[in-house]
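What follows is a short report on a single structure.
Any value given below was found using the heavy atoms of this structure, including those in side chains, with hydrogens, waters and symmetry copies removed. Along the sequence shown, residues carry numbers from 1. Whatever order the structure lists ligands and atoms in, that order sets their numbers, starting from 1.
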Amino acid sequence: MKKIGMIVGSLREHSYNRMIAQTIPELGLSEASFELISIADLPLYNGDLDREEGPAAVEVYREAIRRADGILIVSPEYNSGTPGVLKNALDWASTPTRTAALIHKPAGIVGATPGPKGTILSQQQIRQTLEAAQAWVLPFQKMYISQVMDKVDAEQGRLTDETTLKYLRRYVESLLGWIDQSRSLK
Ligand SMILES: Cc1cc2nc3c(=O)[nH]c(=O)nc-3n(C[C@H](O)[C@H](O)[C@H](O)COP(=O)(O)O)c2cc1C
């Protein structure tokens, strides 16, 4: 059983990206378990706080990443880039230099927007940040969700569009396969 830690790049209660993440454990992928890793309580990154006995919320967050076999980022795009809250969270997981939680961690990226372009630009930046942190980002495959408001049941907080569900399932399956493949990269 592979453990996937999901990080949502939006703190909004009714976030579309959270709805996508909440749907993933219900895709029927029996070989995996899923955990939402909260970034809501992380302080702003400050090197002065980044000591052995750092902020408790940072320790909880880093430990959740460490125990996951792979990380799945589910994030919106803000001003053609990575939302600040997510960048902050990824920075906290990129230190200490030699033992950071993201080092050699297989990772995937999914993003949803009410707009037409599916978070292409933020995903490029998220990929760049993950690679700088030495995570192993699933190559080649991308998962962009545009016009998301037409593809969810907002009351239930779930993705309902059949085609998108099919592609999302395929993407998560690829991430699970990538976890096996990336073992040979070590
Ligand atoms: C500050 C800000 C900047 C935004 N910039 C973009 C953008 O560049 N591209 C885009 O597709 N949507 C943009 N949006 C719209 C978001 O995609 C939309 O608010 C979305 O619902 C946020 O994701 P969430 O529902 O998961 O919170 C922006 C929203 C905010 C608040």
Side-chain angles (χ1 to χ4, degrees), residues 4-27 29 32-46 57-58 60-61 64-65 68 70-94 102 105 107-133 135 137-138 140-175:
I4 303 294
M6 299 188 292
I7 299 175
V8 176
S10 170
L11 304 183
R12 215 162 66 83
E13 190 186 348
H14 299 294
S15 156
Y16 289 118
N17 284 279
R18 188 174 311 282
M19 293 180 201
I20 303 298
Q22 283 168 177
T23 306
I24 289 172
E26 299 164 7
L27 292 173
L29 295 158
S33 65
F34 299 89
E35 180 190 7
L36 271 170
I37 300 177
S38 174
I39 60 172
D41 297 329
L42 294 175
L44 288 177
Y45 184 82
N46 177 343
V58 172
V60 169
Y61 163 75
I65 294 180
I71 294 296
L72 183 57
I73 309 290
V74 188
S75 179
E77 173 175 295
Y78 281 179
N79 295 310
S80 304
T82 310
V85 291
L86 177 64
K87 179 64 164 64
N88 183 58
L90 295 178
D91 289 342
W92 273 118
S94 72
L102 282 175
K105 188 67 69 178
I109 309 167
V110 170
T113 172
K117 292 190 183 150
T119 75
I120 294 172
L121 295 169
S122 72
Q123 289 199 31
Q124 285 175 356
Q125 292 188 357
I126 294 164
R127 179 174 291 268
Q128 192 175 348
T129 299
L130 287 169
E131 287 177 355
V137 189
L138 173 61
F140 312 120
Q141 243 164 303
K142 310 277 163 60
M143 180 75 208
Y144 304 124
I145 304 173
S146 54
Q147 270 101 31
V148 64
M149 64 288 184
D150 299 331
K151 296 174 179 167
V152 295
D153 178 336
E155 297 252 308
Q156 300 294 319
R158 295 294 186 277
L159 176 71
T160 48
D161 179 72
E162 285 300 330
T163 307
T164 312
L165 280 166
K166 194 177 78 190
Y167 283 117
L168 184 62
R169 192 173 199 283
R170 203 177 288 172
Y171 187 87
V172 180
E173 278 171 346
S174 296
L175 176 60

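- When hydrogens are left out, the protein atom nearest atom 18 (C) of ligand 1 is Pro114 CD, 3.7 Å; that is the closest non-hydrogen contact.
- Of the protein's non-hydrogen atoms, the one nearest atom 22 (C) of ligand 1 is Pro76 CB, 3.7 Å.
- Rounding to the nearest 0.5 Å places CD1 of Ile71 at 5.0 Å from CD1 of Ile65.
- Between Ser80 and ligand 1, at least one pair of N/O atoms sits closer than 3.5 Å.
- For the pair Leu42 and Val58, the minimum side-chain heavy-atom distance is below 4.5 Å.
- Within the 4.0 Å heavy-atom criterion, both parts of Ser15, backbone and side chain, lie near ligand 1.
- Nearest protein neighbour of atom 21 (O) of ligand 1, counting heavy atoms only, is Tyr16 CD1, 3.5 Å.
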Q) Going through the checks in order, is the side-chain contact (heavy atoms from CB on, under 4.5 Å) test met by Tyr167 and Ile145? A) CA-CA 10 Å; Tyr167 283 117; Ile145 304 173; over 6 Å; no

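- Heavy atoms of Arg12 found under 4.0 angstrom from ligand 1 belong exclusively to the side chain.
- Distance from atom 9 (N) of ligand 1 to its nearest protein heavy atom, with residue and atom name: Glu77 OE2, 2.9 Å.
- The shortest side-chain heavy-atom distance between Glu77 and Leu121 falls under the 4.5 Å cut-off.
- A salt bridge links Arg169 and Glu173; the closest N-O separation between the charged side-chain nitrogens and carboxylate oxygens is under 4.0 Å.
- The protein heavy-atom contact nearest to atom 1 (C) of ligand 1 is Asn79 ND2, 3.8 Å.
- Of all atoms in ligand 1, listed by their number and element, those nearer than 4.0 Å to a heavy atom of Asn17 are 23 (O), 24 (P), 26 (O).
- By the 3.5 Å distance cut-off applied to N or O atoms, His14 is not counted among the residues near ligand 1.
- The backbone N or O of Ser174 lies less than 3.5 Å from no partner atom in the side chain of Gln141, so there is not a single donor-acceptor pair.
- Of the possible polar contacts, none joining the Lys117 side chain to the Tyr144 backbone as a donor-acceptor pair under 3.5 Å is found.
- Using a 4.5 Å heavy-atom cutoff, the side chains of Tyr61 and Asp41 are not in contact.
- The main-chain N or O of Val8 is never found under 3.5 Å from a side-chain atom of Asn17 such that the two would form a donor-acceptor pair.
- No heavy atom of Gly115 sits closer than 4.0 Å to any atom of ligand 1.
- Near Ser10, meaning under 4.0 Å from one of its heavy atoms, ligand 1 places the atoms 24 (P), 26 (O), 27 (O).
- Here the heavy atom of the protein found nearest to atom 31 (C) of ligand 1 is Tyr78 CE2, 4.0 Å.
- For atom 25 (O) of ligand 1, the protein comes within 4.0 Å by at least one heavy atom.
- Comparing Val8, Val152, Thr113 against atom 17 (O) of ligand 1, the shortest heavy-atom distance belongs to Thr113.
- Using a 4.5 Å heavy-atom threshold, the side chains of Ile20 and Val148 count as touching.
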